[in-house]
Every structure is written in structure tokens, then in C-alpha cells.
There are 2 protein chains.
Amino acid sequence: MKQRQIDIEQLQEQFRQFLRRKMYRNTQERFRVLERAAEFDRHFTADELYVYMNTSGDKISRATVYSTLDLLTQCNILVKHRFQGDSATYELAARKPNHDHLICRDCGYMIEFQESALLALQDEIARRYGLQAVSHSLQIFASCGDSATCQRRRESSFTTDHDT
Amino acid sequence: MKQRQIDIEQLQEQFRQFLRRKMYRNTQERFRVLERAAEFDRHFTADELYVYMNTSGDKISRATVYSTLDLLTQCNILVKHRFQGDSATYELAARKPNHDHLICRDCGYMIEFQESALLALQDEIARRYGLQAVSHSLQIFASCGDSATCQRRRESSFTTDHDT
DNA sequence: GTTCTTGCAAACCCTTTGCACGTCT
DNA sequence: AGACGTGCAAAGGGTTTGCAAGAAC
């Protein structure tokens, strides 16, 4: 968790406009969830954010965290992922625009990559069916091939995720 | 559910080899799950398969269905999807090779498409990081644009997750 | 005969919900 | 004031697990 060059005020404005458009209320809780979520420079779960907030000064309920994360996802401030089996993870959309995930199916090691060709491809495929593409989610599953490497990566992938 | 030109014997052989390689046992239940799963020409859930089997002559437990579906996914006979929020869905990998999904984020309407460029792209990206691509999962989220159509299509409403 | 698998039900975990209280407009 | 949001705990639903009985090897 660290500060980056995310424009928090712009996100707040974006959220405010979304809430107004949907006739939802401007509550302190909702904006605190946004602020604290924006401190993560990595994927995080709803429960992680809940614990983080409640152990650092923001008393808030799980229900509110979940519901606000849902709102933030609706207005594209957050992106929600459902990787294998576990709980859903979120990340700031602005954190690393248009990245996708390369995942070792044997050890779970995950690499974030950016591939500009995908944007054009997503648009073209949607157009092919008369739709307008909004976003996409791509995971490539691979194997390390080298089992020693795979094992080493397994350890690091579960302990260090604090930096991208 | 209907029969297609799936080579069930080849799948059984593939499964047998996988079990042998992993030192797992050849049980009747495992092969019955494979046979019955292969009858679906669409996505299905573990529970659907469980109910289907138990209402048509194959008495089997949920635990076995779940565990066998996991094995069949491990050996690439099935593909497992985790679309929005609900339960996981499976489908035969051989059913429609290398297809991906185009989903209307407003009404949930889903189109299966095939795009051969993606295969090359998945391989190239994995290679870029020294890995060997096995498969991928791509969802493109779009909007219908036409609200009338979208509303008609709306049977279940939900927010868009980016899932595996 | 030993080990793995199955079946059953209960446990589990993440997420959602119902209701009373509090807050926003 | 009225409607909506929050907090709490309990319910919910898909999936996994523990243990005894049964099959595979």
C-alpha cells in the first residue's frame, strides 16, 4: 500500500456524478471506502479492505464495504476479478489501464501484462456482432515448465504482492 | 442435451491416461461423470450435472461430481468458467474449441465467438515471459446499445465481473 | 490387505439480507 | 419528515471436508 499518481479527486468526482445520476446518496462511508481502496496498489479482496479500514481508524461494516465496492465497480472506478475459486478481488481501474493476466496453472504465479492489440481486437469483435465494447478480461493460463522455478515462484507469489 | 460428434472414447482414453499419470484410480463413478458431462452441448453447473445424473439412473453424490469435474478440468477435457457471481460452469473443451465470450454488461446476453488470432496471441504473450501457454479465457464486455433489445434480453440483471 | 474413493451431512467461506437505527436530502 | 444507507448478526448458496463404508489396486 502506497501513494501513487492516482488522481483521487477525479475519482471522487466521478463517483459523485455516478451517485447523482443513479439517485444514490452521498454518504461519508461510500467516500471513505473509495479513499481507502485507492490506497491499494494491487488486487485486494472485500474482506482485506474491511479489515484494513477497521484496523486503521475507519469503523465500517462488511455490508457497507461490499455494497460500496459494487457501486465503485458499476461506475468503472474499480475492476472486479474472479480468479479461480477464491474470493473476488478488486483493483483501481486507473492503476494500470488495460492490463491482463498471465497465470501459471501449476503454481498460481501471476504476471500482469499489457498488450495494446487487445483493445483493437475487443472493439472489432464486438462490432462484428453489432455491439459496442466496453472492456474485456483475459487470462492466459500457462505452465512454468521448469518445476523448480514453479516451486520457487509459488512461495514468492503468496508472500509478496505489495508491489507491481 | 444431445449427442454430437464428440469422440467419447478418445476422451475416456485421455482421462485414463491422466489418471494413470497422476496415480489416481479408475473408478466407475469418474467415468460415468465424464460420459454424462459429455452429453451436454452447452455450459452446465456441477449441481445441474448432479441432478441430471441422479434423475436419470446414475446415483452419485455431490462430492464425487465436484471432485471429478475438477479432475476433468485438470486434464483439459472440460473448461471451467466463473461467470458473474453465480456458480462455476463447465463445458467440454472439444465442444467448440477455442471460443470466447462476448457479454452484454447491461442485460447479460452472451455470444460465443471464435477468433483464431487469439491463439497466436496467447502463445506469443506467454513466450514473452518464458512460459508455455496452455489455454486462455477471454470475456469481452459490451453494451447492446439498443435499449429495447437489451431489455428484452434482460432475464437476470447483475453487475459485470471480470472473471476467470 | 492397504490405500484411495465414495457418500452423506455438516462445516465452510464469501457474500447477501432483514431489521432497527441513523443519516442524507 | 421521509426515504435511503448503515451496522449487526444471521441466513444463504455453492463448494469442500471428515468420517465410515466400500471399491480399486
Side-chain angles (χ1 to χ4, degrees), chain A residues 12 15-34 36-37 43-55 57-75 78 80-90, chain B residues 12 15-16 18-34 36-37 43-55 57-74 78 80-90 156-161 163-164:
Chain A
Q12 288 166 339
F15 196 25
R16 228 186 314 277
Q17 288 182 15
F18 170 79
L19 294 174
R20 188 176 311 131
R21 183 154 45 78
K22 292 278 197 172
M23 306 281 257
Y24 297 149
R25 293 184 176 172
N26 270 305
T27 67
Q28 297 181 23
E29 287 83 356
R30 286 174 174 166
F31 282 87
R32 268 188 286 163
V33 170
L34 170 54
R36 302 313 226 93
H43 296 218
F44 60 90
T45 66
D47 205 64
E48 275 181 319
L49 179 58
Y50 166 74
V51 170
Y52 174 53
M53 291 183 72
N54 281 281
T55 54
D58 277 318
K59 212 170 133 10
I60 195 165
S61 73
R62 274 198 175 77
T64 302
V65 171
Y66 274 94
S67 102
T68 305
L69 287 176
D70 188 48
L71 295 175
L72 290 167
T73 303
Q74 278 181 46
C75 68
L78 295 181
K80 180 176 182 179
H81 299 284
R82 295 188 148 276
F83 295 121
Q84 300 301 351
D86 312 21
S87 46
T89 62
Y90 299 82
Chain B
Q12 287 166 339
F15 196 26
R16 226 185 317 274
F18 169 80
L19 294 174
R20 188 177 311 130
R21 184 156 42 80
K22 292 277 197 173
M23 307 281 255
Y24 297 150
R25 291 181 178 176
N26 270 305
T27 67
Q28 297 180 25
E29 287 82 358
R30 286 175 175 165
F31 281 87
R32 267 187 288 164
V33 169
L34 169 55
R36 303 310 229 94
H43 297 217
F44 60 90
T45 66
D47 205 64
E48 274 182 319
L49 179 57
Y50 166 75
V51 170
Y52 174 52
M53 291 183 72
N54 280 281
T55 55
D58 277 318
K59 212 170 134 7
I60 194 165
S61 73
R62 272 198 175 77
T64 303
V65 171
Y66 275 94
S67 101
T68 306
L69 288 176
D70 187 49
L71 295 175
L72 290 167
T73 302
Q74 278 180 48
L78 295 182
K80 181 178 184 177
H81 300 283
R82 296 187 147 276
F83 297 122
Q84 51 281 339
D86 311 21
S87 46
T89 61
Y90 298 83
S156 55
S157 88
F158 42 73
T159 58
T160 306
D161 299 357
D163 27 33
T164 299

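Residue numbers start from 1 in every chain, and the chains themselves are labelled A, B, ... in the order their sequence lines are given, proteins ahead of strands.
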Mind telling me whether His81(A) and His43(A) have parallel, tilted or perpendicular rings, with 30° and 60° as the class edges?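 Answer is parallel, since the angle falls under 30°.
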List the residues meeting side-chain hydrogen bond (donor to acceptor under 3.5 Å, both in side chains) with Arg30(B), not counting sequence neighbours, and say none if there are none.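 Here no residue qualifies.
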Pairing residues for Asn26(B) by the side-chain hydrogen bond (donor to acceptor under 3.5 Å, both in side chains) criterion, not counting sequence neighbours: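 Asn26(B) satisfies side-chain hydrogen bond (donor to acceptor under 3.5 Å, both in side chains) with no residue once adjacent residues are dropped.
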Exercise: identify the closest heavy-atom pair between [X] and [Y]:
{"X": "Lys80(A)", "Y": "Thr73(A)", "answer": "CB-CG2, 3.9 Å"}
{"X": "Thr45(A)", "Y": "Ser87(A)", "answer": "CG2-OG, 3.5 Å"}
{"X": "Arg32(A)", "Y": "Asp58(A)", "answer": "CD-OD1, 2.9 Å"}
{"X": "Gln74(A)", "Y": "Phe18(A)", "answer": "OE1-CZ, 3.5 Å"}

For the helix from dG1(C)-dC25(D) to dT25(C)-dA1(D), measure the angle between the helix axis at one end and the axis at the other, each built from five pairs, rounding to 10°.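 Taking the rotation axis at each end, their angle is 30°.
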First and last nucleotide of DNA chain C in contact with chain B, 5' to 3', at under 4.0 Å to a heavy atom: what are they?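 Extent of the interface on DNA chain C: dT3(C) to dC8(C).
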Can you tell me how far P of dG13(D) sits from OH of Tyr50(B), to the nearest Å?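 It works out to 16 Å between those atoms.
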Whole angstrom is fine here: how far is it from CZ in Phe31(A) over to C1' in dT6(D)?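 Rounding to the nearest Å, CZ of Phe31(A) and C1' of dT6(D) are 16 Å apart.
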Can you give one letter per nucleotide of nucleotides 15-24 of chain D, 5' to 3': B if a protein heavy atom sits under 4.0 Å from the base, S if only from the sugar-phosphate, - if neither? BBB-----BB
Any side-chain heavy-atom pair of Leu49(A) and Met53(A) under 4.5 Å: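 Of all side-chain heavy-atom pairs linking Met53(A) with Leu49(A), at least one is under 4.5 Å.
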Going by the side chain to side chain donor-acceptor pair (under 3.5 Å) test, which pairs reach into residues 60-69 of chain A, not counting sequence neighbours?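 For residues 60-69 of chain A, and leaving out neighbouring residues, the side chain to side chain donor-acceptor pair (under 3.5 Å) pairs sorted by first residue read Asp47(A)-Arg62(A), Ser61(A)-Thr64(A).
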Does Lys22(A) have a side-chain nitrogen or oxygen under 4.0 Å from the phosphate oxygens OP1 or OP2 of dG5(D)?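 For dG5(D), neither OP1 nor OP2 has a side-chain N or O of Lys22(A) closer than 4.0 Å.
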Assuming nearest nucleotide by heavy-atom distance, tell me which of Lys59(B) and Tyr24(B) is located more 5' along DNA chain C.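 The residue mapped nearer the 5' terminus is Tyr24(B).
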Could you walk me through whether Leu69(B) and Tyr50(B) pass the side chain to side chain contact (heavy atoms under 4.5 Å, CB included) check? CA-CA 11 Å; Leu69(B) 288 176; Tyr50(B) 166 75; over 6 Å; no
